[in-house]
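Here's the structure, in structure tokens; my notes come after.
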Amino acid sequence: MDCLFCKIVAGRIPAEIVYDSDTALAFRDIDPQAPTHVLVIPRKHVSTINDLDGEDEALVGSLFTAAKEIAAAEGIADDGYRTVMNCNEGAGQSVFHIHLHVLGGRPMTWPPG
Ligand code: AMP
């Protein structure tokens, strides 16, 4: 499968990895939209939220556990941070391996564009 993020999991494409567990990996976004912009991905390939099944509930939970730990390590937990997972092109998804954006270090506006 020709998936960019699977290649990062496999170590075939470099990334600045900030978190690593049995189920998840996190690395800095190549085009950061905030002082902290990290992508948390499952090691397992899942293309979109629509492709998740019941067996993936713990996997998705592990992405948020990772986000919490990353936010603490980045020093943005108390001020606040945003987690975003886009689903399909209409919502802005451009890499079809689910990923949780963790953004912080600047004020966030609402609603997002
Ligand atoms: P999305 O548009 O929600 O699918 O998010 C995909 C994100 O992946 C974007 O924020 C890109 O900047 C980021 N991205 C694309 N290629 C890489 C890469 N090689 N390393 C790190 N981040 C990447």
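Ligands are counted one by one from 1 in listed order, and the atoms in each one are counted from 1 as well.
- Given atom 6 (C) of ligand 1, the protein heavy atom at minimum distance is His99 NE2, 3.4 Å.
- Considering backbone and side-chain atoms together, Gln93 places no N or O closer than 3.5 Å to any N or O of ligand 1.
- Within ligand 1, counting atoms from 1 as listed, the ones closer than 4.0 Å to a heavy atom of Phe5 are 8 (O).
- Between Arg43 and Asp22, the closest heavy-atom pair is CD-O, 3.1 Å.
- Within the 4.5 Å cutoff, the side chain of Leu25 has heavy atoms near those of the Ile17 side chain.
- Between the side chain of Arg82 and the main chain of Thr109, a donor-acceptor pair closer than 3.5 Å is present.
- Within the 3.5 Å criterion, the main-chain N or O of Asp31 finds a donor-acceptor partner in the side chain of Asp29.
- Across the listed options Asn88, Ile30, Val38, Val95, Ile30 owns the non-hydrogen atom lying nearest to atom 18 (C) of ligand 1.
- The Asp31 neighbourhood of ligand 1 comprises atoms 12 (O), with distances under 4.0 Å to a heavy atom of that residue.
- Neither the backbone nor the side chain of Phe96 comes within contact range of ligand 1; no heavy atom lies under 4.0 Å.
- Taken together through direct or relayed side-chain contacts under 4.5 Å among Ile, Leu, Val, Met, Phe, Trp and Tyr, Ile98 and Val40 form part of one hydrophobic cluster.
- When hydrogens are left out, the protein atom nearest atom 2 (O) of ligand 1 is Gly92 O, 2.7 Å; that is the closest non-hydrogen contact.
- Those atoms of ligand 1 that come under 4.0 Å of a heavy atom in His101, given as number and element, are 1 (P), 3 (O), 5 (O), 10 (O).
- With respect to atom 4 (O) of ligand 1, the closest heavy atom belonging to the protein is Ser94 N, 2.7 Å.
- Against a heavy-atom cut-off of under 4.0 Å, Arg28 is close to the following atoms of ligand 1: 21 (C).
- When the heavy atoms of Leu39, Asp29, Leu4 are ranked by distance to atom 11 (C) of ligand 1, first place goes to Asp29.
- His99 has its ring centre less than 6.0 Å from the ring centre of His101.
- Val84 and Met108 fall within the same hydrophobic cluster, where Ile, Leu, Val, Met, Phe, Trp and Tyr residues are linked whenever their side-chain heavy atoms come under 4.5 Å apart, directly or through other members.
- Within the listing of ligand 1, atoms 21 (C) sit less than 4.0 angstrom from a heavy atom of Phe27.
- Heavy-atom neighbours of Lys68 NZ from other residues, nucleotides or ligands within 6.0 Å: at or below the threshold of 12.
- In plain terms, the two heavy atoms of Ala24 and Leu63 that are nearest each other are CB-CD2, 4.0 Å.
- Distances below 4.0 Å separate heavy atoms of Asn86 from the following atoms of ligand 1: 3 (O).
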